[in-house]
Protein chains: 2
Amino acid sequence: MPSEFEKPTIYEVAERAGVSIASVSRVLQNKPGVSEATRKMITSVMQELGYVPSNAARGLAGCRAGIIGLIFPDLDDPSMESGHETLLYFDEIIRGAQRAARQEGIAVLIAATHSASGRELALSIASKVDGLVVMARSVPEVDMRSLATRIPTVLLAADRHISGVDYLIADNEGGAAAVTRHLVEYHKYPTVKFIGGPSNSPDSRARFRGYCKALALANLEVPKSPWMAGDFTEASGRRIAKVILSKGSLPRSVVVGNDQMAFGMMKVLISEGIKVPQEVAITGFDDLPVARYLQPGLTTVRQPMRQLGAESIRLLLVRLGGATSPQSVTLPTELTLRQSCGCVNDDY
Amino acid sequence: MPSEFEKPTIYEVAERAGVSIASVSRVLQNKPGVSEATRKMITSVMQELGYVPSNAARGLAGCRAGIIGLIFPDLDDPSMESGHETLLYFDEIIRGAQRAARQEGIAVLIAATHSASGRELALSIASKVDGLVVMARSVPEVDMRSLATRIPTVLLAADRHISGVDYLIADNEGGAAAVTRHLVEYHKYPTVKFIGGPSNSPDSRARFRGYCKALALANLEVPKSPWMAGDFTEASGRRIAKVILSKGSLPRSVVVGNDQMAFGMMKVLISEGIKVPQEVAITGFDDLPVARYLQPGLTTVRQPMRQLGAESIRLLLVRLGGATSPQSVTLPTELTLRQSCGCVNDDY
DNA sequence: TCAAATAGAGAAAGCGCTTACGTATGCCTA
DNA sequence: TAGGCATACGTAAGCGCTTTCTCTATTTGA
């Protein structure tokens with residue numbers, strides 16, 4: 001570090017104020033044991049010197065670093081196209097977390113794990129922060145366990161529980177049930193098919209469960225498995241649309257497992273002259289910002305992404321506050337009606 | 001901190017390996033002075049114990065924290081709607097920075113400054129990191145100066161220079177000149193108007209300059225100021241479109257100061273039955289991901305956002321490496337042709 | 001063969017802060 | 001007026017690491 005940057009230390013403040021560093025420290029932390037007069041005096045000297053306590057020293061001396069780490073998978077997109085929106089999902093969560101953290105006066109360290117680097121990175125981050133918010137699948141489960149033993153951790157959007165970590169997830173099941181019910185009860189479509197994501201995705205499974213529940217509630221026949229399934233990418237949505245088209249007969253409505261696949265499907269269907277929603281109604285899941293810009297606007301289920309971020313910080317703070325028993329929290333999702341389901345909603 | 005989380009220290013490693021902490025430290029930093037045999041031994045003990053050095057202690061002992069801070073304005077959106085895409089711009093920069101940082105083995109701390117909190121936050125962040133990347137307008141200029149005296153700083157997308165800080169910016173002027181030239185020379189539109197952003201925005205000013213240069217080059221009349229101006233939000237784009245419509249006669253083409261305003265304008269024009277680009281050609285600036293999903297796709301100027309992020313980290317590292325003279329770097333922008341300018345480009 | 005150079009390793013002094021503990025002072029009670 | 005107890009403040013011991021200095025083997029050169 002070039003010496004041009006000189007920061008005043010607590011000693012300089014103490015000396016200049018004619019007190020001991022203990023008093024300065026007490027003022028710094030608003031602790032009692034300092035008279036009002038001295039406190040004012042010290043405060044003004046700190047101002048004057050532009051003193052800012054060293055975070056490293058504070059951390060070392062047994063206090064908090066005042067930093068929380070956010071770890072999420074770096075879904076690097078070979079085809080930039082498909083990855084772009086997925087990323088947005090994390091960005092929103094990050095933003096929510098960041099805001100919540102700022103309100104608490106703590107900073108947020110972000111780290112995207114490349115598949116390979118997961119373990120190593122997580123550890124290196126862990127040494128810099130007080131607690132960790134980990135997105136599902138950014139760190140291998142084994143490493144999660146060892147991480148959780150050395151630092152408070154909350155896991156976001158994961159399905160499997162690991163002992164000692166807090167859980168936070170959006171209500172996928174309820175959301176899927178809500179869209180499905182909308183198509184069945186409000187629009188009274190004769191057929192409502194479900195298109196899932198990867199079969200091992202907890203999100204996809206939960207959404208399918210919700211779909212089934214809604215069907216059961218309406219006394220409709222409940223399928224054993226999704227009608228078709230993709231991998232949550234726009235490309236797979238396009239592929240599925242083509243398969244459907246080749247079948248000859250179209251379902252009246254389709255509940256798609258996420259927005260991106262819905263984008264791809266709509267694009268293909270429309271380019272093939274099929275009218276959405278007049279011939280096929282389509283719904284998505286996530287409410288990516290792009291959803292409202294599509295023609296027609298995509299009816300979807302909004303995930304409270306920022307809220308997920310904010311809540312994860314809250315959970316972590318509770319944990320850091322000394323709570324020993326980890327919690328498990330589910331956040332509600334919200335049906336967002338636009339035109340692709342058949343509603344004539346202008347959104348503005 | 002609850003005592004349930006116990007981390008091994010360098011002392012435990014040393015004891016278990018039967019050496020002094022100095023040797024462990026040397027191994028940690030790959031410094032010479034340790035025989036190959038001892039080095040291996042110590043390494044294996046570290047593995048076994050799951051030892052990770054404390055970042056705080058390292059920082060205190062005179063080393064780097066291994067963290068770089070990213071400060072950007074929190075353009076909080078009263079109407080969530082309008083803010084969404086602006087945010088994306090920062091997200092992309094953050095992502096670029098994050099990736100570059102990871103490659104260098106350093107972490108990134110992000111902090112969005114609320115208008116009010118600027119100074120305070122910046123200082124609190126400054127105490128946690130080795131260097132700072134600051135987006136223009138997230139920290140008041142006065143505070144920037146004092147920041148820059150205590151920590152290496154690179155300023156992103158600012159126009160005014162502050163002594164001692166590195167500068168990084170995208171070529172707004174060149175980009176605006178390029179679109180303008182495209183409309184003038186390629187499409188040969190008789191009128192090409194410019195719609196600016198906030199008059200105090202350096203970006204907006206630079207883009208207007210580029211527009212003017214292109215006009216001058218084509219021997220067209222150069223206006224003194226933008227034809228109209230908004231505030232870079234989609235809502236202001238809609239407002240402007242309505243004003244234009246009320247005028248009766250439409251310009252043949254419009255260079256809009258950023259994508260969001262272009263979105264808003266297109267939406268209103270189209271909903272009023274105006275054909276884009278057949279009646280009015282529109283271009284934007286930024287190339288937000290949504291731009292390609294619009295109907296028609298928006299011709300715009302691509303800002304190398306990720307690259308900006310990555311480059312900012314690189315600059316900072318050079319600075320941290322001991323370089324004393326700050327640099328000033330401009331990154332190129334790129335014209336992205338879609339349909340809104342009149343080109344028949346399919347993008348897929 | 002012996003002095004001199006050298007590699008490997010340890011001892012110890014901080015880095016800037018927090019905090020338990022110790023020590024004055026003032027004021028109250030008996 | 002002596003004893004007691006707040007209250008305000010200072011002292012000093014770390015926190016876990018880096019780094020300089022020092023010491024001991026071992027090697028090298030003449």
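Per chain, numbering begins at 1; letters A, B, ... match sequence-line order.
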statement: To the nearest angstrom, the CD-P distance between B:E15 and D:dC17 comes to 14 Å
- prompt: Which of these nucleotides, D:dC17, D:dC9, C:dG16, is closest to any side-chain atom of A:L60?
  reply: C:dG16
query: Looking at the side chain of B:A61, which of C:dG14, D:dG10, D:dC15 is the nearest nucleotide?
result: C:dG14
- prompt: To the nearest Å, how far apart are B:Q29 CD and D:dT19 P?
  reply: 5 Å
query: More than 12 foreign heavy atoms under 6.0 Å from CD of A:E141: is that the case here?
result: yes
message: With heavy-atom distances below 4.5 Å as the criterion, would you say the side chains of B:F72 and B:I94 are in contact?
response: yes
- request: Walk me through it: do B:I106 and B:D130 pass the test side-chain contact (heavy atoms from CB on, under 4.5 Å)?
  value: CA-CA 10 Å; B:I106 69 184; B:D130 299 322; 6.0 Å; no
message: Taking 4.0 Å as the cut-off, does a side-chain nitrogen or oxygen of B:K31 come that near to OP1 or OP2 on D:dT18?
response: no
task: Examine the base of D:dC15 for any acceptor or donor lying under 3.5 Å from a partner atom in the side chain of B:Y11, and report the outcome as yes or no.
output: no
query: What residues in residues 39-54 of chain B put a non-hydrogen atom under 4.0 Å from any atom of DNA chain D?
result: B:Y51, B:P53, B:S54
query: Rounded to whole angstrom units, what separation is found between the NZ atom of A:K128 and the P atom of D:dC17?
result: 13 Å
Below 4.0 Å: OP1/OP2 of C:dT18 and any side-chain N or O of A:R58: yes
query: Hey, does B:S25 reach any base, or is it just sugar-phosphate, or nothing, if we go heavy atoms under 4.0 Å?
result: base
query: Can you check the B:N55 CG to D:dC17 C1' distance for me, whole Å?
result: 11 Å
task: Tell me which nucleotide among C:dC17, D:dC9, C:dT19 gets nearest to the side chain of A:T9.
output: C:dC17
message: Counting C-beta onward and ignoring hydrogens, is there a side-chain heavy-atom pair between A:V133 and A:L70 closer than 4.5 Å?
response: yes
- prompt: Residues in side chain to side chain donor-acceptor pair (under 3.5 Å) with B:S35, at least two apart?
  reply: B:T38
task: Give a yes or no on whether a donor-acceptor pair under 3.5 Å exists between the nucleobase atoms of C:dG8, that is its base, and the side chain of B:R26.
output: no
query: Could you give the CG-to-C1' distance, from A:L28 to C:dT18, as a whole number of Å?
result: 10 Å
Below 4.0 Å: OP1/OP2 of C:dA7 and any side-chain N or O of B:S35: no
task: Verify the contact: side-chain N or O of A:T38 to OP1 or OP2 of D:dA8, cut-off strictly under 4.0 Å; return yes or no.
output: no
statement: Scanning both residues in full, the closest heavy-atom pair of B:A97 with B:S312 reads CB-OG, 4.5 Å
message: Rounded to whole Å, please give me the gap between CD1 in A:I10 and C1' in D:dC9.
response: 14 Å
message: Can you confirm whether A:E48 is buried at CD, in the sense that more than 12 heavy atoms of other residues, nucleotides or ligands lie under 6.0 Å from that atom?
response: yes
task: Starting from the 5' end of DNA chain D, give me the residue, A:V19 or B:I21, whose nearest nucleotide shows up first.
output: A:V19
